[in-house]
Amino acid sequence: MELIYQYAWLIPVLPLLGAMLVGLGLISINQVTNRLRQLNAVVIISLMGASMVLSSALLWSQIQGHAPYLRTLEWATAGNFHLTMGYTIDHLTALMLVIVTTVAVLVMIYTDGYMSHDPGYVRFYAYLSLFGSSMLGLVVSPNLVQVYIFWELVGMCSYLLVGFWYDRKAAAEACQKAFVTNRVGDFGLLLGILGLFWATGSFDFMVMGDRLSNLVETGSISNFLAIVLAILVFLGPVAKSAQFPLHVWLPDAMEGPTPISALIHAATMVAAGVFLIARMYPVFENVPAAMNVIAFTGALTAFLGATIAITQNDIKKGLAYSTISQLGYMVMAMGVGAYSAGLFHLMTHAYFKAMLFLGSGSVIHGMEAVVGHDPVLAQDMRLMGGLRKYMPVTGFTFLIGCLAIAGIPPFAGFWSKDEILGAAFAANPFLWFIGWVTAGITAFYMFRMYFSTFEGKFRGNDEKIKVKLKNAAAALAQKSGTAELAPNFGPGAMKKGELDSHSHDSHSHEPHESPWTMSLPLVVLAVPSMLIGLVGTPYANYFEQFIFPPSETLAEVMEKAAEFDPHEFYVMAGSSVAVSVIGITFAVLMYLARKIDPSAIAKNIQPLYDLSLNKWYFDDIYHRVFVLGLRRVARQVMEVDFRVVDGAVNLTGFFTLVSGEGLKYLENGRVQFYALIVFGAVLGLVIFFGVT
């Protein structure tokens with residue numbers, strides 16, 4: 001078994017090797033590499049699959065009680081400064097490795113069907129493999145410097161994948177927005193890392209936490225400084241995990257192909273933020289004020305994302321805001337000290353959210369058979385309906401995902417979300433109330449999404465709705481100054497030849513189920529979405545016995561588990577299920593039974609409806625304050641540069657030119673002229689001294 005640990009470094013290296021091989025092929029023999037499309041895909045998937053097998057073996061070994069493993073080498077040294085690099089395998093690492101590799105493999109299989117005729121098929125696989133490798137490298141990192149290196153690599157890969165269709169204006173702007181927004185958080189993270197090293201002299205997670213606590217207790221550093229350093233580090237997860245106020249990049253990231261949307265939202269980019277909070281927990285838990293900031297940031301983000309998702313008509317945008325909301329739950333759990341509950345929800349959410357996103361891609365694939373490659377229509381739920389009849393596998397798995405995220409027992413989301421709400425109630429009833437209300441809203445908007453997409457009458461051939469949606473999109477594009485109505489999906493959503501055959505007479509076709517490469521991952525992901533929550537039931541919480549805070553021991557965890565009160569659980573679980581059922585009931589009455597008119601309600605609460613529809617106006621505020629404001633500052637700086645800096649340089653040049661022109665008449669090389677100058681100088685001196 002020890003041999004597995006010695007070769008655990010292969011887990012991030014194998015996907016990196018695949019990305020390098022395919023990347024070098026694209027650079028050196030581009031045409032040959034692109035012709036061998038599926039061979040490249042098989043290589044990439046096989047290498048990630050090997051990482052998945054090795055990760056599963058490590059997880060099983062850790063479950064069996066193997067001690068954590070650390071292997072490092074000295075990377076840099078200067079005097080007393082020593083920086084090591086390597087990898088560590090502990091319970092948290094083993095869990096994250098399995099989550100990342102399993103989701104990545106299924107997304108890669110799905111990609112073959114979704115991107116089958118895209119010209120960038122091979123390049124997309126190379127990016128996917130590099131993305132997975134970067135996240136795996138981050139997970140196994142034993143210190144904060146190595147985490148930061150892979151943290152930035154994850155950000156770079158997300159930039160490449162969100163802007164994969166870089167020739168589209170919307171995609172290019174979306175990846176830039178993601179990049180710039182994350183730079184804000186990452187700058188704070190870098191300052192926090194440097195500040196903690198200055199204070200503690202270490203980059204090791206446990207050492208930093210212990211030393212910082214001792215320094216505050218002895219008065220060597222102030223409590224305020226410790227709070228500032230902790231919050232600076234937290235800014236990194238705020239950006240990566242799309243927390244308020246740096247959440248604005250994640251919905252726009254939907255401009256990337258759907259497979260990468262699933263990977264970002266389930267197991268890589270956004271999971272990195274929650275993972276870092278868990279890794280830095282020894283620092284955070286000793287700074288109560290920072291824990292409060294984390295908890296309230298998560299609660300506000302959960303509520304914010306849910307209230308915006310209510311009015312979204314784009315199926316992927318709705319899921320994006322759902323992700324923001326669910327990440328808020330995880331961050332809130334970390335803030336209230338529910339370490340295990342936050343990571344438990346990270347695991348359950350990874351599987352059902354990956355399934356939901358891949359399901360949305362399958363819906364897009366089916367809708368293209370009707371509307372063609374239309375950027376306005378293929379993702380708008382107002383043009384869907386009744387798809388369950390045409391796409392039974394997609395419809396069934398999407399329903400499972402909706403039940404899981406809505407917190408309906410015994411699906412996975414119920415157990416993890418209920419544990420978070422229970423911990424929030426014990427820590428702060430106000431936080432519990434925000435989470436409880438958000439749970440009801442979540443159930444409502446997810447079943448609004450399901451009923452609008454899969455139930456009722458199919459609306460895809462209704463020309464009136466098509467014209468209305470196109471006119472609305474054109475008006476929005478004109479208002480925002482965006483001439484291009486760019487799709488949030490790509491040409492890869494259909495098999496080769498399908499797009500051409502449907503574009504001639506799109507109205508004569510019905511939606512159809514996706515190919516097996518897209519359906520199989522949905523079915524596989526449905527299994528953990530239903531069952532994986534059972535490992536964390538309050539009656540026998542095996543998950544918490546495996547994943548618990550570094551500051552606690554297994555004996556302490558078991559002692560807490562023995563204090564479980566079933567009556568308290570029934571009350572808390574009953575209230576969370578009840579609010580979810582209320583949300584689902586309203587969704588049924590509005591979007592399935594049509595007993596309540598949603599548009600009439602929207603008119604009665606128009607300001608609130610507009611607030612949700614316009615995403616709480618965050619994008620508008622940021623555009624005016626930062627984009628337009630920075631443009632004005634840039635113009636002023638350019639003016640100063642032109643008039644002052646360039647003016648000084650130009651004045652220096654002008655003076656040199658004039659002086660040179662004058663001197664060339666004095667320096668003419670004639671001896672008589674020089675003698676005359678000397679005579680004039682002497683005469684002047686004589687007269688001067690004679691007068692004085």
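- Nearest approach of Phe352 to Ala404, heavy atoms of both residues: CD2-CB, 3.7 Å.
- Within the 3.5 Å criterion, the main-chain N or O of Val13 finds no donor-acceptor partner in the side chain of Ser133.
- To the nearest 0.5 angstrom, Arg123 atom CZ is 10.5 Å from Asn30 atom CG.
- Remark: Arg183 is positioned above the aromatic ring of Phe179, its terminal NZ or CZ atom under 6.0 angstrom from the ring centre and at most 45 degrees off the axis.
- Counting non-hydrogen atoms of neighbouring residues, nucleotides and ligands closer than 6.0 angstrom, the CZ atom of Phe396 reaches no more than 12 such neighbours.
- Counting only distance, with no hydrogens or angles, the side chain of Glu556 and the backbone of Thr553 share a donor-acceptor pair below 3.5 Å.
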Run Asp90 and Arg279 through salt bridge (charged side-chain N to carboxylate O under 4.0 Å, His left out) and show every step you take.
CA-CA 11 Å; Asp90 56 13; Arg279 271 288 184 238; 3.1 Å; yes

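- When all heavy atoms of Lys560 and Glu552 are compared, the closest pair comes out as NZ-OE2, 2.9 Å.
- At distances below 3.5 Å, at least one donor-acceptor pair connects side-chain atoms of Ser202 with backbone N or O atoms of Asp204.
- Residue Leu189 forms a side-chain contact (heavy atoms from CB on, under 4.5 Å) with just one option from Leu235, Val184, Leu276, Leu232, and that option is Leu276.
- Between Asn34 and Pro119, the closest heavy-atom pair is OD1-O, 4.1 Å.
- With rounding to the nearest 0.5 angstrom, the OH atom of Tyr7 is 12.5 Å from the CG atom of Leu14.
- Residues Met291 and Tyr281 are in side-chain contact: their nearest non-hydrogen atoms beyond the backbone lie under 4.5 Å apart.
- Remark: Arg71 is not positioned above the aromatic ring of Tyr5, lacking an NZ or CZ atom under 6.0 angstrom from the ring centre and at most 45 degrees off the axis.
- Other residues, nucleotides and ligands contribute over 12 non-hydrogen atoms within 6.0 Å of the CE atom of Met530.
- Proximity of Phe344 to Ile547: side-chain heavy atoms (C-beta onward) are nowhere separated by under 4.5 Å.
- Here the side chain of Lys417 pairs no donor or acceptor atom with the backbone of His345 at under 3.5 angstrom.
- Between Phe546 and His91, the angle of the ring planes stays under 30°, which puts this pair in the parallel group of the 30/60° scheme.
- Ring-plane geometry between Phe357 and His265 is classed as tilted, the angle between the planes lying from 30 to 60 degrees on a 0 to 90 degree scale.
- Put simply, the side chain of Thr33 gets close to the backbone of Ile29: a donor and an acceptor are under 3.5 Å apart.
- Between Phe284 and Val233 the shortest side-chain heavy-atom distance falls below 4.5 Å.
- Checked by atom type and distance alone, the side chain of Thr88 pairs as donor or acceptor with a backbone atom of Tyr69 at under 3.5 Å.
- Phe411 contributes atom CZ, which lies 14.5 Å from atom CD1 of Ile532 (distance to the nearest 0.5 angstrom).
- Using a 4.5 Å heavy-atom threshold, the side chains of Met48 and Ile45 count as separate.
- With hydrogens and angles ignored, the 3.5 Å screen pairs a side-chain donor or acceptor of Asn143 with a backbone N or O of Thr84.
- Between the side chain of Thr323 and the main chain of Leu319, a donor-acceptor pair closer than 3.5 Å is present.
- A donor-acceptor pair under 3.5 Å is formed between the side chain of Trp249 and the backbone N or O of Ala239.
- At least one donor-acceptor pair closer than 3.5 Å links the side chain of Asn286 to the backbone N or O of Pro282.
- Each of Val162, Leu128, Leu160 was scored for a side-chain contact (heavy atoms from CB on, under 4.5 Å) with Ile260, with one residue passing: Leu128.
- Taking both residues in full, the closest heavy atoms of Val147 and Ser141 are given as CG2-CB, 3.6 Å, listed atom of the first, atom of the second, then distance.
- No more than 12 heavy atoms of other residues, nucleotides or ligands shown are found within 6.0 angstrom of CD on Gln31.
- Tyr127 has its ring centre no less than 6.0 Å from the ring centre of Phe131.
- Salt bridge present: Lys240 and Asp186 bring a charged side-chain N and a carboxylate O closer than 4.0 Å.
- The shortest heavy-atom contact between Pro12 and Gly137 is CB-N, 3.7 Å.
- Checked against Thr394 for a side chain to side chain donor-acceptor pair (under 3.5 Å), the options Ser519, Ser362, Ser514 give a single hit: Ser362.
- Of all heavy-atom pairs between Pro521 and Leu106, the closest is CG-O, 3.6 Å.
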Walk me through whether Phe81 and Phe197 qualify under ring-ring contact (aromatic ring centres under 6.0 Å, His included).
CA-CA 11 Å; Phe81 173 77; Phe197 179 75; 5.6 Å; yes

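- Looking at Leu136 and Pro15, their side chains come closer than 4.5 Å, going by heavy atoms from C-beta outward.
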